[in-house]
There are 2 protein chains.
Amino acid sequence: MSTRERIVETALTLFNQQGSGVVSTNHIAAACGISPGNLYYHFRNKEEIIRAIFHQLTRVGAEEYLAINAARPPETAAAVTAMLDTFVMVQRFNWRYRFFKRELTVLLHHDPLLAAEFAEVHRSHRQMVHDAIARSVGEGFIAPLADEELTLFVEELWLIILFWLNYLEVGGEEVNDATLARGNAVLMSALRPHLTAPAREALAAVKTKER
Amino acid sequence: MSTRERIVETALTLFNQQGSGVVSTNHIAAACGISPGNLYYHFRNKEEIIRAIFHQLTRVGAEEYLAINAARPPETAAAVTAMLDTFVMVQRFNWRYRFFKRELTVLLHHDPLLAAEFAEVHRSHRQMVHDAIARSVGEGFIAPLADEELTLFVEELWLIILFWLNYLEVGGEEVNDATLARGNAVLMSALRPHLTAPAREALAAVKTKER
DNA sequence: GTCTATAAGCGGATAGAC
DNA sequence: GTCTATCCGCTTATAGAC
């Protein structure tokens, strides 16, 4: 692994443990076993390291999402399975980059360049949720919605996905498999009133199989 | 206004504008027109100022909530009106103390004492939402729910209320009357599938009257 | 690419006079 | 209650040798 990559990985670990605010470039260099000067050879400043983490996060997230959803067949059962798998993937993903989500608003306030980049990714991800729901309506998995209702529904789902980890943390709750699963349960609770009868059956079938 | 109160108000303004991370105690003292030493006479450190803001926020929030909900009559129309008024109140409230919500996870990570205090308030507020929904079920305004479903539904609503402002900010959207109103629309969208027929009629009546 | 050394500045916090 | 003066520690960032 190159020095540059080691800096990014080390920074991610320290940021997750202690928060990016209290971890200085000196800390990162020391934990890497390199000198501060060397760190500044590879990165202009701390913001640039954070942006590098963000780029990695974006790339990895897209890959994992596509691996689950790119080629799923159009059956309701497959849709339900893909949806549940995606929920789990997103939760694990958020946990891996937890400092970023935890400090998101502060980081964006601090670095306008990062804010612009994130806003674009944010919109495109929300669009992906929108497309996924619209496709599911077409497949008879979700009950039809007016355009405006669909937009609000997507925002609701996307907000839960984005902030569940923060919700746990501000409530003083530990992040573990049980609390992450509860986040998925909240998502399902938001989704349930919109499911069609076949989807409910498919969901029940998947759940039965899991036991 | 006492010096202590002026420090708290000035700090709130500066934190909202620039973020608590970049505003130092020196900045606050200068903006107050007092010396750094004097500030430290009134507060042991910056965390104590932030906790003072939090205590004000908690007190004001409870007062405003009770003013709307304490003595509402048990009719469905009154329940719908109180609910809508509460949504608007909460949005304005979050905006007034926006730095606190924006930086919440970071602030709590930084100050275990604040974290403990906030967790308690958080639980009690969530319980208030729970009680309000349970009462509305009793009044025939919301369709009956199993206990587990009710808990998930409350978490869903509470999460939207807590993080709508953050959601807007991370998307690079301006916070204004229109985007705050959209937050209320998302809340209504989450609520709508659970409303009973009389509640839908009452809601439609209120909306018609508003025009 | 990597190191050492160091400049320059800021933040938190306190002592002691008034 | 309020001020002035000041200390300490730390961070960011750069210069220049190897």
Side-chain angles (χ1 to χ4, degrees), chain A residues 1-56 99-100 102-103 106-115, chain B residues 1-56 99-100 102-103 106-115:
Chain A
M1 189 155 48
S2 72
T3 302
R4 194 191 147 89
E5 288 169 331
R6 270 175 45 230
I7 293 171
V8 171
E9 287 305 312
T10 308
L12 175 58
T13 304
L14 292 178
F15 289 168
N16 278 340
Q17 285 168 356
Q18 304 170 45
S20 73
V22 299
V23 175
S24 70
T25 50
N26 282 2
H27 290 142
I28 300 169
C32 259
I34 64 171
S35 68
N38 193 5
L39 184 144
Y40 276 90
Y41 172 80
H42 290 280
F43 293 94
R44 183 182 297 277
N45 51 38
K46 206 161 98 175
E47 268 102 62
E48 216 173 60
I49 301 176
I50 292 174
R51 282 199 293 270
I53 295 176
F54 172 63
H55 294 149
Q56 188 195 93
F99 97 92
F100 194 81
R102 179 154 60 214
E103 306 178 16
V106 175
L107 295 174
L108 301 187
H109 227 243
H110 214 78
D111 182 354
L113 183 52
L114 181 64
Chain B
M1 191 155 48
S2 72
T3 301
R4 194 191 149 89
E5 286 168 334
R6 269 174 47 228
I7 293 171
V8 171
E9 288 304 312
T10 307
L12 175 58
T13 304
L14 292 178
F15 289 167
N16 279 340
Q17 284 168 356
Q18 305 171 43
S20 72
V22 299
V23 174
S24 70
T25 50
N26 283 2
H27 290 141
I28 300 170
C32 261
I34 63 171
S35 68
N38 192 6
L39 185 145
Y40 276 90
Y41 171 80
H42 290 283
F43 293 95
R44 184 182 296 276
N45 52 38
K46 203 160 103 175
E47 270 102 60
E48 214 173 62
I49 301 177
I50 292 173
R51 282 199 294 270
I53 295 175
F54 171 63
H55 294 149
Q56 187 194 96
F99 97 92
F100 194 81
R102 179 154 63 214
E103 306 177 16
V106 176
L107 294 175
L108 301 186
H109 227 244
H110 215 78
D111 180 356
L113 183 51
L114 182 64

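One interatomic measurement links the two molecules: NE2 of His42(A) to C1' of dA13(D), which rounds to 16 Å at whole-angstrom precision. In this structure, Tyr41(B) places its OH atom 15 Å from P of dA15(C), rounding to the nearest Å. One interatomic measurement links the two molecules: CD1 of Ile34(A) to C1' of dT4(C), which rounds to 14 Å at whole-angstrom precision. Asp111(A) places its CG atom 15 Å from the P atom of dT12(D), with the value rounded to the nearest Å. Atoms CG (Leu39(A)) and C1' (dA15(D)) sit 17 Å apart, rounded to a whole Å. We find that CD of Glu47(B) is positioned 16 Å from P of dG11(C), with the value rounded to whole Å. Across the protein-nucleic acid pair, Ile28(A) atom CD1 and dC10(D) atom P stand 17 Å apart, rounded to whole Å. To the nearest angstrom, P of dG1(D) lies 11 Å from CD1 of Ile7(B).
Residue Asn38(B) places no side-chain N or O under 4.0 Å from the OP1 or OP2 atom of dG1(D). When the side-chain nitrogen and oxygen atoms of Tyr40(A) are compared with OP1 and OP2 of dT14(D), none of them lie within a distance under 4.0 Å. Checking the phosphate oxygens (OP1, OP2) of dG1(C), no side-chain nitrogen or oxygen of Thr3(A) falls inside 4.0 Å. For the pair Ser35(B) and dT2(D), the criterion of a side-chain N or O lying under 4.0 Å from OP1 or OP2 is not met. One finds a side-chain N or O of His27(A) lying less than 4.0 angstrom from the OP1 or OP2 phosphate oxygen of dT11(D).
The heavy-atom pair separating Gly21(B) from Glu103(B) by the smallest distance is N-OE1, 4.3 Å.
For the residue pair Glu9(B)/Gln56(B), the side-chain donor-acceptor check at 3.5 Å is satisfied.
Out of dG1(C), dT11(D), dG1(D), the shortest distance to the side chain of Asn26(A) is found at dT11(D). For Lys46(B), taking side-chain heavy atoms from C-beta onward, the closest of the listed nucleotides dT4(D), dT2(D), dG12(C) is dG12(C).
When atom types are taken as modelled, the side chain of Arg6(A) and the backbone of Gly33(A) share no donor-acceptor pair closer than 3.5 angstrom.
The aromatic rings of Phe99(A) and Phe15(A) are tilted relative to each other, their planes meeting at an angle between 30° and 60°.
Among the atoms of the strands shown, only primed sugar atoms or phosphate atoms (P, OP1, OP2) are found under 4.0 Å from some heavy atom of Ser24(B).
No side-chain heavy atom of Val106(B) sits less than 4.5 Å from a side-chain heavy atom of His109(B).
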